[in-house]
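Written below as structure tokens is the structure these notes are about.
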Protein chains: 2
Amino acid sequence: MATILDVAREAGVGVGTVSRVLNGRERVAPGTRARVLAVIERLDYSPNLSARSLSRGRTEAICLLVPYLTSASVNARLQGVVEGLQSSGRETFLQIVDSVDQRDRAIASIVEGAKPAGLLVISLPLSDNVMACLREAEIATVGVDVALDGVPSVTVDDIEGGRLATRFLLDRGHRAVAFVGDLEDQPLGFRSSQNRRLGYLDALANAGIEQADEYVKSGPFGRASAHRLTRELLTLAHPPTAVFAASDVQAFGVLEAIRSDGLRVPEDVSVIGYDDIELAPYVGLTSVHQPLFESGQMGAGLLMARLRQEEVENVSLAVSVVERDTVAPL
Amino acid sequence: MATILDVAREAGVGVGTVSRVLNGRERVAPGTRARVLAVIERLDYSPNLSARSLSRGRTEAICLLVPYLTSASVNARLQGVVEGLQSSGRETFLQIVDSVDQRDRAIASIVEGAKPAGLLVISLPLSDNVMACLREAEIATVGVDVALDGVPSVTVDDIEGGRLATRFLLDRGHRAVAFVGDLEDQPLGFRSSQNRRLGYLDALANAGIEQADEYVKSGPFGRASAHRLTRELLTLAHPPTAVFAASDVQAFGVLEAIRSDGLRVPEDVSVIGYDDIELAPYVGLTSVHQPLFESGQMGAGLLMARLRQEEVENVSLAVSVVERDTVAPL
DNA sequence: GTTGAACGTGGAAGCGGTGCCACGCCCCGA
DNA sequence: TCGGGGCGTGGCACCGCTTCCACGTTCAAC
């Protein structure tokens, strides 16, 4: 591999000049710049990243901070991010965080250790304290599916999504609409289920429906728990005629529970999910679609713009109901 | 952050000695070693990776070389890999490769640029030429779902899997068994569909069944293409009574095509898939299960062992048929 | 003609490690 | 007693880049 010294010698200039050309600094005569660029091209030179990091005291890389790779929606977003970042040519490394402890360790290693140029956070809220550290360390940060203090983000309005799903059921005559969601004291601070519930309550209130507390169920994320909660709903004196699940995975548990009770979907009970994950079309699940892949792509775009020192705005993506076979008019 | 010089001063030794302690070299008096380790602990020192890479001329990182993140099976393996690597504390970066061109660029950047300590390749065959370069560059390499020349790997026997799936159908009385798979001149050289077809043919031959060529269909990967191929099968003079799809995604296309013809699964036509992806249980698809996540974990284990200079053996994982609701006796 | 600011440039001092070389010491054999 | 071979160690050159300082040059202003 050629080094900066080879380039400098070959172009008949000093290493400082080559470095200035490399980094697009001013103060280089156009002719010199052209000559250096020609030599770089000819020698197929590319700077040694370790040396650059050492000298600059920071890394060129981009770090992706991601919770639960097993979650389908996080996964879809991640795919978008990776695709969007592909063209940047930067090293991209992955930090996966499944617990508060791992999160804190990951952040410590980012701020004090790797010092990447950019950080892209998916779905994981970070404290103001942490955000201050990141700003301090001059790490360009972007949030995807999470609003982070003082940095740009790509978000989807979960409250609006909850409203949309609920209105979809109300518009079809349902009045006894239940909600099945996550526990709301998430250690990692996820709020999507909570926000979707708020949207749900808001839509009901707007429709003038007095909501029975017994229609709002929450439990650990997953199919099994949703299954159990749904059985509870079905044994109520007045079981709901429709269920809004805070995620598609939970909706699958809801579907199972209804069917295992000998009831039919959507004839006896309607079900709407959220996320419109890849599985949804196979199962015919009506769901609230949010642009998962695109949110990742856009997040990558924001980060790359930030790294080019451009000013960027927050992006908010629209949600919509995808109608399939699990909701019927009452 | 403390540097090696701080440690050396604090411990009253030279930087060389600290470096030797750090790297577990011999030739350090036990007392000195203990003293240095104590200081390292006290100062919470950890070496600067950029400096180390620069000096050693190679990176500590591990690179993951992965095709098509969108593929469910690659994804599941990747999750296993990441989980398995989590404990190593090494930087892990991702190179995603969707075309021959990207593959070659990625390899060039690995061998000449980043020079990671380890490389874990998922499902992507590499030429002997490339393998020689990797050996030359002393990059510890491990294959997951691909056998790579001269390095350890975790593989699953696709031929055996094809046999298993086919025998499963034969054992239930089917004689007219069709195969729906991928095109076999994959630019990136994937051979799994081809191998599964070989297993299929072998099982038929062993059962003394003369195979009609018209029962073997191949097309681009994906649901739509499998759908189309299946319609062709169903219009044959003697349509098959069972279909073996080279992957679950293709099996979904097969299911759709059969049902859209007004036929029932499994009463009219049986279907068996391959991979047992997350979706399969939801749809009730009978499929050949291969331990995707585990293969990734084991691959990570092999790589970490190689990086500790341990000798390791190839691992071959077993496949098995998971019976659900899409296969019935003839 | 002198001054000095702005410009373009070369070069050296780091960045924080690694690894080699040289040095002093101790112990053993001649 | 002396020489020589380990052993344990300190220190310095070096990895390839950035960055800053200093040095000509040019040119406008006075």
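So that the names make sense, note that chain A is the first sequence line, chain B the second, and so on, each numbered from 1. Just so it is clear, the model here is predicted, and its values are computed rather than measured.
Residue A:R56 has its side chain nearest to D:dT18 when only D:dG10, D:dT18, D:dC15 are considered. Listed nucleotides D:dT9, D:dC17, D:dG10 differ in distance to B:V28; the shortest reach to its side chain belongs to D:dT9. For B:L54, taking side-chain heavy atoms from C-beta onward, the closest of the listed nucleotides D:dT9, D:dC15, D:dT18 is D:dC15.
Within 4.0 Å of A:G16, counting heavy atoms only, lies at least one base atom of the nucleic acid. A:S50 comes within 4.0 angstrom of nothing in the nucleic acid, heavy atoms only. Nucleic acid contact for B:S53: none, since no nucleic acid atom lies under 4.0 Å from a heavy atom of the residue. Within 4.0 Å (heavy atoms only), B:V15 reaches at least one base atom of the nucleic acid.
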Verify side chain to side chain contact (heavy atoms under 4.5 Å, CB included) between A:Q95 and A:S109, making sure each step is shown before the conclusion.
-> CA-CA 10 Å; A:Q95 287 269 9; A:S109 91; 3.4 Å; yes

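DNA chain C is contacted by both B:R52 and A:G12; A:G12 maps to the nucleotide lying nearer its 5′ end (nearest heavy atom per residue). Comparing A:R20 and A:T3 against DNA chain D, the residue whose closest nucleotide sits nearer the 5' end is A:T3. The nearest heavy atom of DNA chain D to B:A51 and to A:R25 marks one nucleotide each, and the one closer to the 5' end goes with B:A51.
Remark: P of D:dG16 and CG of A:L49 are 13 Å apart, rounded to the nearest angstrom. With rounding to whole Å, A:I4 atom CD1 is found 11 Å from D:dG16 atom P. Rounded to whole Å, the distance from OH on A:Y45 to P on D:dG16 is 10 Å. Rounded to whole angstrom, the span from the CG atom of A:L5 across to the C1' atom of D:dC14 amounts to 13 Å.
Under a 3.5 Å cut-off, the side chain of A:N314 and the backbone N or O of A:S153 do form a donor-acceptor pair. Judged by distance alone, the side chain of B:R58 and the main-chain N or O of B:E138 form a donor-acceptor pair under 3.5 Å. Side-chain N or O atoms of A:N23 include one that pairs as donor or acceptor with a backbone N or O of A:S19 at under 3.5 Å. Judged purely by atom type and a 3.5 angstrom limit, B:R33 has no side-chain atom pairing as donor or acceptor with the backbone of B:G24.
Boundaries of the chain B contact region on DNA chain C are C:dG16 to C:dC20, first to last in 5' to 3' order (nucleotide atom under 4.0 Å from a heavy atom).
Counting heavy atoms of neighbouring residues, nucleotides and ligands inside a 6.0 Å radius, atom CZ of B:R35 exceeds 12 of them.
Contact check, B:R58 against D:dC15: no side-chain N or O comes under 4.0 Å of OP1 or OP2.
For A:P67 against A:D98, the heavy-atom pair with the smallest separation is C-OD1, 4.3 Å.
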